[in-house]
Amino acid sequence: MTDPHHALPILYSFRRCPYAMRARLALKVAGVEVQLREILLKNKPQPMLEISPKGTVPVLQLPSGQVIDESRDIMAWAAMQSGGELLVASENVAQTWLDINDFEFKQHLDHYKYADRYPERPAAFYRSAGERFLMRLEQQLQLQKKAGVPNYLLGLSLSQADIGIIPFVRQFSMVDQPWFESTGYECVKKWLHYWLGSEIFSRVMRRYPQWHASEVPTIF
Ligand SMILES: N[C@@H](CCC(=O)N[C@@H](CS)C(=O)NCC(=O)O)C(=O)O
């Protein structure tokens with residue numbers, strides 16, 4: 001008997017990784033089913049390292065054998081599967097936002113989150129640096145609110161910018177939640193809370209046991 005899951009792509013993922021989260025969100029929004037392989041970063045499975053020796057998650061392996069091992073490429077691939085409409089609105093603008101997220105905000109986030117590893121400056125310094133991104137998001141979301149679409153960062157629907165940025169702003173908010181909730185970034189808070197409270201997000205954050213080669217595939 002043939003394996004009914006054989007034709008599904010395989011996603012190597014780690015639940016708490018924001019890059020993996022954006023990949024899972026994109027796949028879910030696009031309605032693409034995958035075999036999920038939950039890994040531990042400190043004990044990466046050999047089959048994953050064989051197809052992607054750089055050893056980061058997420059990694060998507062298509063039934064054709066093609067490997068996509070950058071989260072933004074996985075989002076773009078998922079967008080294509082959804083007929084090209086979903087997630088691709090204002091693609092260039094979305095990519096610019098993702099660049100700022102990945103190459104500026106992420107660094108401030110890491111410094112803020114792990115401030116004890118960067119004792120040259122206090123955590124508040126790193127937090128202020130990260131806040132510059134929150135301010136930009138706030139300005140953009142205020143415009144979206146005026147246009148009647150407060151839950152979308154760009155245009156009239158969910159885009160790769162929302163999906164790609166939410167996991168990182170979530171991490172930032174969780175470093176010191178009372179502080180975050182006390183800030184005046186009202187539109188950012190509403191946007192974040194809206195998506196974190198959504199059905200899609202709770203599905204993406206479901207817990208799965210660590211993958212072992214002999215197991216029945218976990219369909220995500
Ligand atoms: N540029 C990569 C970055 C992915 C990444 O850095 N993922 C982290 C986990 S959040 C990772 O796998 N790190 C490897 C490790 O910790 O060994 C992408 O966008 O997919």
Side-chain angles (χ1 to χ4, degrees), residues 9-30 32 34-62 65-81 87-88 91-118 126 130 133 137 153-154 158-175 192 195-196 201 203-213 218 220:
I10 294 170
L11 180 73
Y12 292 93
S13 180
F14 177 60
R15 181 175 174 275
R16 284 185 293 128
C17 166
Y19 299 100
M21 249 179 242
R22 64 158 58 141
R24 296 197 304 274
L25 273 168
L27 291 165
K28 220 15 125 198
V29 169
V32 177
V34 295
Q35 299 182 39
L36 185 97
R37 296 184 173 178
E38 179 72 17
I39 71 143
L40 292 181
L41 292 175
K42 56 178 188 293
N43 185 15
K44 293 167 191 157
Q46 204 51 37
M48 176 183 128
L49 293 173
E50 273 161 24
I51 58 167
S52 181
K54 74 185 170 89
T56 61
V57 284
V59 177
L60 185 70
Q61 184 176 28
L62 302 183
Q66 188 192 339
V67 174
I68 310 177
D69 62 4
E70 280 294 320
S71 59
R72 285 168 67 166
D73 295 337
I74 297 175
M75 286 200 289
W77 180 85
M80 295 295 292
Q81 308 315 300
L87 304 172
V88 271
E91 191 171 14
N92 290 338
V93 189
Q95 294 305 324
T96 304
W97 277 97
L98 291 168
D99 281 344
I100 303 171
N101 181 82
D102 290 12
F103 304 123
E104 290 179 28
F105 180 62
K106 171 71 164 91
Q107 196 190 9
H108 302 315
L109 165 63
D110 285 347
H111 285 169
Y112 172 40
K113 192 170 167 203
Y114 304 110
D116 50 338
R117 295 184 204 165
Y118 305 96
Y126 302 123
F133 188 55
L137 287 173
L153 196 50
L154 304 172
L158 190 64
S159 73
Q160 291 178 49
D162 296 291
I163 284 180
I165 291 171
I166 285 164
F168 296 83
V169 176
R170 171 180 175 270
Q171 275 197 348
F172 195 86
S173 78
M174 285 166 61
V175 177
L192 185 67
W195 288 109
L196 297 191
F201 197 80
R203 285 169 71 181
V204 156
M205 290 309 285
R206 239 170 236 172
R207 287 170 201 279
Y208 294 97
Q210 186 191 350
W211 173 72
H212 295 287
T218 299
F220 170 80

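Both backbone and side-chain heavy atoms feed into the values below; hydrogens, waters and symmetry mates do not. The first residue of the sequence shown is numbered 1, and numbering continues consecutively from there. One-based numbering, in listed order, for ligands and for the atoms of each.
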I need the nearest protein heavy-atom contact for [atom]: residue, atom name and distance, please.
| atom | answer |
| --- | --- |
| atom 13 (N) of ligand 1 | Thr56 CG2, 4.1 Å |
| atom 6 (O) of ligand 1 | Tyr19 CE1, 3.7 Å |
| atom 7 (N) of ligand 1 | Val57 O, 3.0 Å |
| atom 2 (C) of ligand 1 | Glu70 OE1, 3.3 Å |
| atom 16 (O) of ligand 1 | Leu41 CD1, 3.8 Å |

Using 30° and 60° as the class limits, which term best fits the ring planes of Trp97 and Phe133: parallel, tilted or perpendicular?
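Rings of Trp97 and Phe133: tilted, 30 to 60°.
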
Between Tyr118 and Tyr126, what is the ring plane arrangement, given parallel below 30°, perpendicular above 60°, and tilted in between?
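Ring orientation of Tyr118 relative to Tyr126: perpendicular.
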
Can you list, pair by pair, the side-chain donor-acceptor contacts under 3.5 Å of residues 12-20, counting residues two or more places apart and other chains?
from	atom 1	to	atom 2	distance (Å)
Tyr12	OH	Arg37	NH1	2.8
Ser13	OG	Arg24	NH1	2.9
Arg15	NE	Met205	O	2.6
Arg15	NH2	Met205	O	3.1

Given Pro18, Gly55, Ser52, identify the one with the heavy atom nearest to atom 14 (C) of ligand 1.
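It is Gly55 whose heavy atom sits nearest to atom 14 (C) of ligand 1.
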
Applying the side chain to side chain contact (heavy atoms under 4.5 Å, CB included) criterion to Leu60, which one of Asp69, Ile74, Asp73 satisfies it?
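It is Ile74; the other options fail the test.
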
What verdict does the side chain to side chain contact (heavy atoms under 4.5 Å, CB included) test give for Leu25 and Lys28, after you've listed the backbone C-alpha separation in whole Å, the side-chain angles of each residue and the deciding distance to 0.1 Å?
CA-CA 5 Å; Leu25 273 168; Lys28 220 15 125 198; 5.8 Å; no

Can you list the atoms of ligand 1 that are under 4.0 Å from a heavy atom of Pro58?
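Atoms satisfying the 4.0 Å criterion: 20 (O).
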
List ligand 1 atoms under 4.0 Å from Cys17, heavy atoms only on the residue side.
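The list of qualifying atoms is 7 (N), 9 (C), 10 (S).
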
Is Ser71 close to ligand 1, meaning an N/O of one under 3.5 Å from an N/O of the other?
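Yes; at least one N/O pair falls below 3.5 Å.
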
For ligand 1, which is the ligand I care about here, please tell me if Arg72 has any N or O atom under 3.5 Å from one of the ligand's N or O atoms.
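N/O-N/O distance below 3.5 Å does not exist for this pair.
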
Could you state the interatomic distance from CG (Leu137) to CG (Asn101), rounded to the nearest 0.5 Å?
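The CG atom of Asn101 is 8.0 Å from CG of Leu137, to the nearest 0.5 Å.
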
Would you say Arg72 and Gln160 are linked by a side-chain donor-acceptor pair, where the criterion is simply a distance under 3.5 Å?
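Arg72 and Gln160 do not have a side-chain donor-acceptor pair below 3.5 Å.
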
With Thr56 via side chain to side chain donor-acceptor pair (under 3.5 Å) - residues at least two apart:
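Partners of Thr56 by the side chain to side chain donor-acceptor pair (under 3.5 Å) criterion, ordered by chain and then number, come out as Lys54.
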
So, 4.0 Å and heavy atoms of Lys44: is ligand 1 close enough to count as a contact?
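Distance cut 4.0 Å: Lys44 passes for ligand 1.
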
